[in-house]
Each structure stands twice: as structure tokens, then as C-alpha cells.
Number of protein chains: 2
Amino acid sequence: MTTRDELLSAAAATLADAGLSGASARSIAARAQVNQALIFYHFGSVSELLEAAVRSSVDAALADYRERLADVETVSGLVELARELHSVEKARGNVAQMTQVLAGAQRDATLARAATYAITAWRDEVEVALRRVLASSALRDVVDPAAIAATATAGFIGLSLYEGVDPDGAEAALGSLDLLAALAEVIDGLGPVTTRVVRSRLRHLVPAARS
Amino acid sequence: MTTRDELLSAAAATLADAGLSGASARSIAARAQVNQALIFYHFGSVSELLEAAVRSSVDAALADYRERLADVETVSGLVELARELHSVEKARGNVAQMTQVLAGAQRDATLARAATYAITAWRDEVEVALRRVLASSALRDVVDPAAIAATATAGFIGLSLYEGVDPDGAEAALGSLDLLAALAEVIDGLGPVTTRVVRSRLRHLVPAARS
DNA sequence: GTCTATACATAGATAGAC
DNA sequence: GTCTATCTATGTATAGAC
């Protein structure tokens with residue numbers, strides 16, 4: 001591995017387990033076992049290093065899940081995959097990385113670029129899968145896949161932060177996603193007459209609903 | 001206002017608009033127009049000041065909404081109130097305060113106490129309202145109010161962070177909550193036969209569902 | 001309770017030798 | 001590309017006068 005790569009991986013690891021405030025040039029360089037000045041030589045600033053690190057973490061994680069996501073056929077399959085993704089990516093530290101960058105993005109323009117990249121990359125990927133899965137659902141032209149993808153992404157972030165503070169609550173919250181998936185399946189299985197009723201009433205109640 | 005109170009309010013404001021990294025003893029004291037050393041005299045450390053500030057923000061906000069929350073009778077009313085709460089509390093800076101503390105809580109034990117306090121206070125309050133609202137719903141013994149309260153709280157946090165990065169997506173996500181509320185209403189209006197079917201199928205699909 | 005002054009650690013960043 | 005050395009700013013925290 002080149003020094004540049006060592007720094008990228010040390011930055012990701014430091015961000016994940018020491019948080020944003022602990023991700024200083026010195027601590028990252030120490031972990032990478034290289035000289036602190038090299039961060040500025042290779043990346044210009046600490047924020048820019050963190051940005052690059054987050055981008056490559058996101059790219060790697062997305063590459064890992066792209067196939068799996070493409071295979072999902074049902075809403076409950078999607079929830080199941082989300083559950084696995086959450087626990088795996090959490091163990092890898094990618095989740096912590098993300099929450100720290102998101103929080104820092106509110107004030108640091110460079111981190112904000114990283115956060116935007118990460119969020120939109122995941123949102124877009126989820127949207128594609130959702131669009132496919134919902135195509136055969138009774139709710140197909142009532143729900144907006146883009147909106148649901150944004151909701152899911154935001155929820156994922158929220159859950160990750162929430163988990164650090166109320167682990168039992170976080171587990172319970174994940175359980176309520178199963179319920180939501182089940183609800184979607186039950187609605188799909190109600191038969192053509194009821195389905196039409198549900199769809200027309202929903203469209204009446206939420207005029208903004210679109211495809 | 002006493003110096004102590006000036007510091008509390010300056011800490012809250014600084015945390016909200018300069019973030020955790022910008023909430024130093026010096027910047028908070030400058031905003032409060034008092035001497036920096038007084039933070040340590042009154043609170044012991046910056047983290048402890050932030051903790052106290054967050055606690056009083058939460059108490060104040062909860063007091064503001066307790067009545068309104070008690071008046072809500074429907075799921076869509078709850079979503080509507082959540083929307084208002086989000087925009088009002090965001091304008092007040094309480095939302096930013098919360099997200100910063102949550103992010104910092106992952107590594108700082110004092111901030112973690114503040115975060116736990118805030119999260120559980122809101123979750124409990126939401127749970128009570130949800131329990132009341134859901135009591136008359138067809139889904140009453142299928143959904144767990146505590147789980148939904150945790151989901152809502154986590155989602156609120158997530159949305160707030162997400163909003164800083166993808167404002168349009170955040171608005172769309174809020175829209176999908178309207179859909180969810182509408183769905184609950186439609187299900188409630190389906191008539192006794194269909195309702196029984198939905199309930200039994202849901203319980204079959206999600207054995208973990210309880211009251 | 002409040003102020004001045006200051007100790008001390010650590011941050012980001014750069015210059016210049018190698 | 002990498003290292004040593006260093007500048008400068010800013011952070012937390014304390015001592016002691018008022």
C-alpha cells in the first residue's frame with residue numbers, strides 16, 4: 001500500500017472510532033505510521049483527507065452491496081437486507097464514519113461535500129431497488145420511490161445515532177420496519193376489489209402522491 | 001438573568017450555530033459577554049455546561065409541546081404536529097443542538113448523558129401520545145407504541161441531519177410520512193371483515209408484534 | 001462571583017534539509 | 001516523497017488578585 005492509501009484507511013478508522021474531534025492530523029498519521037506533514041502534502045488539509053476517505057469507504061461499501069440490492073424482489077427482502085447492511089457496516093465502522101461526517105458537514109464545507117456524496121450515492125441506489133420492488137405492488141403509483149429512498153436513508157442515519165444512546169429502542173425501531181414490510185405485503189394480498197379501494201382512498205387523502 | 005443563565009443560553013446558541021467543534025469555552029463566553037473562566041467556575045467543564053444547556057432546552061421545548069401533544073387524536077394529527085415541531089424547533093436551533101450532541105455523545109460520556117436525557121424524554125412523550133392515538137385503530141394490538149415512538153424519534157434525528165445535505169430529499173421524506181398516516185386511516189376505514197383479515201395476516205407475518 | 005494572567009496541551013499548517 | 005523542526009492559533013483549565 002502506498003502512503004496515500006495508508007492515510008486514507010487510517011483516516012477512516014480514526015474517524016470511526018475516535019470521532020470527528022479525535023480525527024486530528026497527528027492521530028491519523030500515528031495510526032498510519034507515517035509523518036503528520038504528509039497529510040498536508042498529499043491532501044492539502046485534514047478535512048480534504050477525511051473527504052477522500054469517506055468517498056472511498058462509500059464506494060467500497062456500495063460495490064459490496066450493489067449485487068445483493070439488485071437481487072431483492074420484495075419489500076421485506078429490502079428490509080432484511082437493510083438490517084444486515086446496518087450490522088455489517090456498523091461493525092466495519094462505516095456507519096460511525098457517516099454520522100460523524102454528517103454532523104460535521106453542518107459547518108465544514110469540505111465535509112459537507114463528502115456527506116452529500118455519501119448520502120446521494122446511497123439514496124440513488126436504494127431508489128433504483130425500491131422502484132423495481134414496488135413496481136409490482138398495489139401501492140405502485142401511490143408512493144414515490146424517490147421519497148421513500150430519502151426516508152430510508154435519513155432513517156438509517158438517525159437510527160445509527162439513536163443506537164448509541166438507546167440500543168433497545170433502536171432494536172425495537174428495526175422491528176417496526178418489519179411490520180411496515182408486512183403491511184405492504186398484506187395490502188398486496190387483499191384482492192383486486194379492496195386494492196382498488198385502498199388506492200383510490202390513498203390518492204384522495206394524499207393528493208401529492210405520484211409515481 | 002444571572003451569569004449562569006447567560007452561559008446556558010449562550011452555550012445552546014453556540015452549539016446550534018457553530019456546532020460542537022465551535023462550542024469552545026472562549027466562544028461561548030464571548031457570546032455571553034462574560035469571562036471564559038466563569039464556565040469552569042459554574043459548571044466545571046465545557047461538556048458539563050453543554051449538558052446542562054441541552055437539558056434545559058429539552059425541558060423548555062417539551063413543556064411547549066406537552067399540551068399540544070395531549071390534544072392530538074389521530075395519526076395524521078401526530079404527523080402534522082411533528083412537521084410543525086420540526087420547523088419550529090429547527091428555527092430555534094434546538095434541532096441542530098440535538099444532532100451535535102448526539103454525534104458527540106458517541107465519544108464523550110458527559111454529552112452522552114445529555115443525549116440520553118433528551119432522547120428518552122422525547123421518546124416517552126411521543127409514546128404516550130401514540131398509545132392514545134392508536135388505541136382506537138385497527139392496528140392497535142399489532143403495533144408496539146414504544147417501538148414506533150423510538151422509530152419516530154430516531155427518524156426525526158436522521159431527518160434533521162439529512163436535511164442539511166439534501167433539503168429536497170428531506171421534504172420528500174416528510175411527504176412520505178403523510179402517506180403513512182393516510183395508510184393508517186384507510187386501513188381503519190376498511191370495514192370489520194377486511195380489518196380482521198389484515199390484523200390476522202399481520203400477526204401471522206410478524207409474530208413479534210405485540211401490544 | 002468575577003477578573004487578569006498564565007500554564008500547558010494540542011490543533012493545523014509550513015519551511016527546508018534530505 | 002518523506003522527515004525534522006517549528007510557527008502560530010486555539011483549546012481546557014487553574015491560581016490568585018479583587
Side-chain angles (χ1 to χ4, degrees), chain A residues 1-54 56 97 100-101 103-114, chain B residues 1-54 56 97 100-101 103-114:
Chain A
M1 271 223 296
T2 67
T3 293
R4 217 190 119 91
D5 290 335
E6 296 280 8
L7 281 172
L8 283 172
S9 119
T14 307
L15 185 58
D17 65 49
L20 195 54
S21 66
S24 68
R26 287 178 157 91
S27 62
I28 293 169
R31 177 171 226 141
Q33 294 176 295
V34 304
N35 193 280
Q36 170 257 144
L38 292 174
I39 287 175
F40 304 95
Y41 174 77
H42 284 289
F43 298 94
S45 71
V46 174
S47 287
E48 285 165 294
L49 165 57
L50 293 175
E51 183 194 358
V54 167
S56 65
Q97 230 172 290
Q100 291 300 307
V101 168
Q106 319 291 321
R107 282 281 126 192
D108 179 318
T110 307
L111 292 182
R113 278 202 308 273
Chain B
M1 270 222 301
T2 67
T3 294
R4 216 191 120 89
D5 290 336
E6 297 279 9
L7 280 171
L8 283 172
S9 119
T14 307
L15 186 58
D17 65 49
L20 194 54
S21 68
S24 68
R26 285 180 156 94
S27 63
I28 293 169
R31 184 183 285 244
Q33 293 177 295
V34 304
N35 192 281
Q36 169 257 144
L38 292 174
I39 287 175
F40 303 95
Y41 174 76
H42 285 289
F43 298 93
S45 70
V46 175
S47 288
E48 286 166 292
L49 165 57
L50 293 174
E51 185 194 357
V54 166
S56 65
Q97 231 172 290
Q100 292 299 309
V101 168
Q106 319 291 322
R107 284 280 127 194
D108 179 318
T110 308
L111 293 182
R113 279 202 308 273

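The figures that follow rest on heavy atoms only: side chains count, while hydrogens, waters and symmetry mates do not. This one's a predicted model, so the numbers in the text were calculated from it and none came from an experiment. Lettering of chains follows the sequences in order, A, B, ..., and the numbering in each one begins at 1.
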Query raised in the report: Looking at A:Glu51 and A:Ala114, what are the two nearest heavy atoms and their distance?
Result: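 Here A:Glu51 and A:Ala114 meet closest at CG-CB, 3.6 Å.
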
Requested in this report: Please report the shortest heavy-atom distance between A:Ala18 and B:Arg107, naming the atom on each side.
Outcome: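 Residues A:Ala18 and B:Arg107, closest heavy atoms: O-CG, 3.7 Å.
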
Query raised in the report: Is there a side chain to side chain contact (heavy atoms under 4.5 Å, CB included) between A:Asn35 and A:Tyr41 once you walk through the steps?
Result: CA-CA 10 Å; A:Asn35 193 280; A:Tyr41 174 77; over 6 Å; no

Query - Side-chain heavy-atom pair A:Arg31, A:Asp17 within 4.5 angstrom cut-off - result: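 Result yes, sub-4.5 Å side-chain heavy-atom pair found.
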
Query raised in the report: Do the side chains of A:Leu8 and A:Phe43 get nearer than 4.5 Å, heavy atoms only?
Result: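 Counting from C-beta outward, A:Phe43 and A:Leu8 do come under 4.5 Å.
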
Report task. Measure from the side-chain N and O atoms of B:Gln100 to the backbone N and O of A:Ala103, and report whether any donor-acceptor pair falls under 3.5 Å. Result ->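 The answer is yes, because a donor-acceptor pair under 3.5 Å joins these two groups.
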
From C-beta outward on [X], which listed nucleotide comes closest to its side chain: [options]?
X       : options               : answer
A:Asn35 : D:dA13, D:dC3, C:dA13 : D:dC3
B:Gln36 : D:dA13, D:dC3, D:dA15 : D:dA13
A:His42 : D:dT2, C:dG1, D:dT12  : D:dT2
A:Tyr41 : D:dG1, C:dT4, C:dA13  : D:dG1

Can you check the [X] [atom1] to [N] [atom2] distance for me, whole Å?
X       : N      : atom1 : atom2 : value
B:Phe40 : C:dC3  : CZ    : C1'   : 15 Å
B:Leu38 : C:dG1  : CG    : C1'   : 7 Å
A:Phe43 : D:dG1  : CZ    : P     : 11 Å
A:Ile39 : D:dG1  : CD1   : C1'   : 15 Å
B:Leu49 : D:dT12 : CG    : C1'   : 13 Å
B:Ile28 : D:dT10 : CD1   : P     : 16 Å

Query raised in the report: DNA chain C: A:Ser45 or B:Val34, which has the more 5' nearest nucleotide?
Result: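 Looking at DNA chain C, the more 5' nearest nucleotide goes with B:Val34.
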
Query raised in the report: Rounded to the nearest 0.5 Å, how far apart are CZ of B:Arg26 and OG1 of B:Thr14?
Result: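 Rounded to the nearest 0.5 Å, the CZ-OG1 separation comes to 14.5 Å.
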
Query - Gap separating the CD1 atom of B:Ile28 from the CG atom of B:Leu49, nearest 0.5 angstrom - result: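 Between B:Ile28 CD1 and B:Leu49 CG, I get 5.0 Å after rounding to 0.5 Å.
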
Query raised in the report: Picking from A:Asp108, A:Leu20, A:Val54, what satisfies side chain to side chain contact (heavy atoms under 4.5 Å, CB included) with A:Val101?
Result: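 Exactly one candidate clears the test, A:Val54.
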
Query raised in the report: For residues 1-12 of chain B, which residues have at least one heavy atom under 4.0 Å from DNA chain C?
Result: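 Contacting residues: B:Thr3.
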
Please tabulate, one pair per line, each protein N/O and nucleotide N/O from nucleotides 8-11 of chain C that are separated by under 3.5 Å, including the distance.
residue: C:dA11; atom: OP1; partner: A:Ser24; partner atom: OG; Å: 3.2
residue: C:dA11; atom: N7; partner: A:Arg26; partner atom: NH1; Å: 3.2

